Number of protein chains: 2
Amino acid sequence: MIGDRIRELREGENILLRQLAAQLDMDTALLSKMERGDRQFRKEEILELAKIFHQNEQELLTLWLADKILKATEGEAYIPEALKLALNTYQQSL
Amino acid sequence: MIGDRIRELREGENILLRQLAAQLDMDTALLSKMERGDRQFRKEEILELAKIFHQNEQELLTLWLADKILKATEGEAYIPEALKLALNTYQQSL
DNA sequence: CTATTTTAGTCAAAATTTGTCAAGTCAATA
DNA sequence: TATTGACTTGACAAATTTTGACTAAAATAG
């Protein structure tokens, strides 16, 4: 999800994995895994990517966080119920 | 959240922490932390608790999973946006 | 006050996540 | 067909996080 978006942005600017990896100061193999969703980005990397691609931070951070949420719940039962409950609970607590 | 519910159920039946801990075969201090939300329950414990208190598994598992979600997102920005996005994405994927 | 229950702090073991490296696939092309 | 470049994959060690046990302090009940 966030990985797909980053890949889309990267390919849109004809940047190679290894070039983007260099900009982020990370191993190419790791960035490959991150774009493919095998590994998660760290938040600082998302912020850096927002700068590199001139994207809205909110858009990318939201995608990134949604990924984290789906990963935290994967394989479980009652995911939509729990998501709705979490949303209500969170909004209560504001 | 799930901890509060378990405490409520336990106190409703006048069971001591140490007694419930014994039924779950765990340390009393650990169960105390779990009820207070310092530590997370494991899924098997939730299932066992549903039996002990004759509660619907879905209700307790949903509370438990919502806790996990809130924990995975705590301290982040754009939580409601990400929750909504996760919900849509999840429902798409069915 | 005393006894019991609950909570807090600390620590090592266990589990999970992370980064690196080497080897691998695939497509283009000489 | 052999080579090259881009990307992917799997295995492993290092780093980080989570967990459970233990001890003792704090709170509560009698």
Side-chain angles (χ1 to χ4, degrees), chain A residues 1-49 52-53 60-61 63-76 79 82 86, chain B residues 1-49 52-53 60-61 63-76 79 82 86:
Chain A
M1 164 157 247
I2 179 66
D4 294 334
R5 183 77 186 105
I6 298 304
R7 176 151 294 190
E8 200 172 273
L9 290 167
R10 178 173 65 78
E11 292 181 340
E13 302 204 12
N14 284 304
I15 298 172
L16 298 177
L17 254 188
R18 82 179 143 71
Q19 296 172 322
L20 185 56
Q23 285 198 70
L24 294 169
D25 187 32
M26 67 165 65
D27 194 283
T28 303
L30 185 51
L31 181 55
S32 167
K33 285 172 191 172
M34 286 171 164
E35 283 192 354
R36 301 172 46 68
D38 281 8
R39 299 286 176 94
Q40 295 192 238
F41 287 93
R42 281 172 299 136
K43 183 160 55 164
E44 308 74 52
E45 291 161 349
I46 297 298
L47 298 176
E48 184 63 22
L49 288 164
I52 291 172
F53 294 115
L60 297 188
L61 284 173
L63 280 169
W64 169 76
L65 191 54
D67 261 5
K68 264 179 70 157
I69 292 167
L70 290 172
K71 177 159 191 241
T73 60
E74 76 188 352
E76 297 298 343
I79 293 178
Chain B
M1 163 155 248
I2 180 65
D4 295 334
R5 183 77 185 106
I6 298 304
R7 176 152 295 189
E8 199 173 276
L9 290 166
R10 179 175 63 80
E11 292 181 340
E13 302 204 13
N14 283 307
I15 298 173
L16 297 176
L17 259 184
R18 99 180 130 69
Q19 296 171 322
L20 184 56
Q23 284 197 71
L24 293 168
D25 187 31
M26 66 165 63
D27 193 282
T28 303
L30 184 54
L31 181 56
S32 167
K33 286 174 187 174
M34 287 171 163
E35 284 191 353
R36 310 188 56 269
D38 281 9
R39 297 286 177 93
Q40 295 193 242
F41 287 94
R42 281 173 300 137
K43 184 159 56 164
E44 307 74 53
E45 291 161 349
I46 297 299
L47 298 176
E48 183 63 23
L49 287 163
I52 291 173
F53 293 115
L60 296 188
L61 284 174
L63 280 169
W64 170 75
L65 190 54
D67 261 6
K68 266 180 65 157
I69 292 168
L70 291 172
K71 178 163 189 237
T73 60
E74 75 188 352
E76 298 299 344
I79 294 178

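Treat the numbers as computed from the prediction; the structure is a model and nothing was measured. Throughout, protein chains are lettered first and strands after them, A, B, ... in sequence-line order, and every chain is numbered starting at 1.
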Measure across [X] and [Y] and return the closest heavy-atom pair with its distance rounded to 0.1 Å.
{"X": "A/Lys68", "Y": "B/Ala72", "value": "CE-O, 3.5 Å"}
{"X": "A/Ser32", "Y": "A/Arg7", "value": "O-NH2, 4.3 Å"}
{"X": "A/Thr73", "Y": "A/Ile79", "value": "O-CD1, 3.3 Å"}

| Hey, can you pull the residues of residues 1-23 of chain B with a non-hydrogen atom under 4.0 angstrom from DNA chain D? |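 The stretch gives none, as no residue of it lies under 4.0 Å from the strand.
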> Atom CD1 of A/Ile2 and atom CG of A/Asp67: how far apart are they, to the nearest 0.5 Å?
Replying inline: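 The CG atom of A/Asp67 is 7.0 Å from CD1 of A/Ile2, to the nearest 0.5 Å.
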- Item | Inter-residue atom distance A/Leu49.CG - A/Ile6.CD1, 0.5 Å rounding |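 One finds 4.5 Å between CG of A/Leu49 and CD1 of A/Ile6.
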For B/Arg39, give me all partners under side chain to side chain contact (heavy atoms under 4.5 Å, CB included), at least two apart in sequence or on another chain.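 Testing B/Arg39 for side chain to side chain contact (heavy atoms under 4.5 Å, CB included), a comparison that skips the adjacent residues, returns B/Leu30, B/Lys33, B/Met34.
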Quiz prompt | Outermost nucleotides of DNA chain D that come under 4.0 Å of a non-hydrogen atom of chain A | solution =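 Footprint of chain A along DNA chain D, 5' to 3': D/dA6 to D/dA11.
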Show me, pair by pair, the donor-acceptor contacts under 3.5 angstrom made by side chains of residues 40-47 of chain B, not counting sequence neighbours?
unit_1, atom_1, unit_2, atom_2, d
B/Gln40, OE1, B/Lys71, NZ, 3.4
B/Arg42, NE, B/Glu45, OE2, 3.3
B/Arg42, NH2, B/Glu45, OE2, 2.6
B/Lys43, NZ, A/Glu76, OE1, 3.0
B/Glu45, OE1, B/Arg42, N, 2.8

| query | Who are the salt bridge (Lys or Arg N to Asp or Glu O under 4.0 Å) partners of A/Asp4, not counting sequence neighbours? | reply |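 A/Asp4 satisfies salt bridge (Lys or Arg N to Asp or Glu O under 4.0 Å) with no residue once adjacent residues are dropped.
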### Task
Tell me, please, which residues at least two apart from B/Glu8 pass salt bridge (Lys or Arg N to Asp or Glu O under 4.0 Å).
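Applying salt bridge (Lys or Arg N to Asp or Glu O under 4.0 Å) to B/Glu8 gives B/Arg5.
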When the side chains of residues 13-28 of chain A are checked against the rest of the protein, which donor-acceptor pairs come out under 3.5 Å, sequence neighbours left out?
unit_1, atom_1, unit_2, atom_2, d
A/Gln19, OE1, A/Leu16, N, 2.8
A/Asp27, OD1, A/Ala29, N, 2.8

Exercise. Could you list where the contact with chain B starts and ends along DNA chain C, reading 5' to 3', using a 4.0 Å heavy-atom cut-off?
Key: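 Contact span on the strand: C/dT5 to C/dT10.
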Item to complete: Please list residues of residues 28-44 of chain B whose heavy atoms come under 4.0 Å from any atom in DNA chain C, ordered by number; otherwise none.
Response: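 Those residues whose heavy atoms fall under 4.0 Å from DNA chain C, taken from residues 28-44 of chain B in numerical order, are B/Ala29, B/Ser32, B/Lys33, B/Arg36.
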I'd like to know if A/Arg36 pairs up with A/Asp38 as an ion pair, taking the criterion as any Lys NZ or Arg NE/NH1/NH2 lying under 4.0 Å from an Asp or Glu carboxylate oxygen.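 Judged by the 4.0 Å cut-off on N to carboxylate O distance, A/Arg36 and A/Asp38 do not form a salt bridge.
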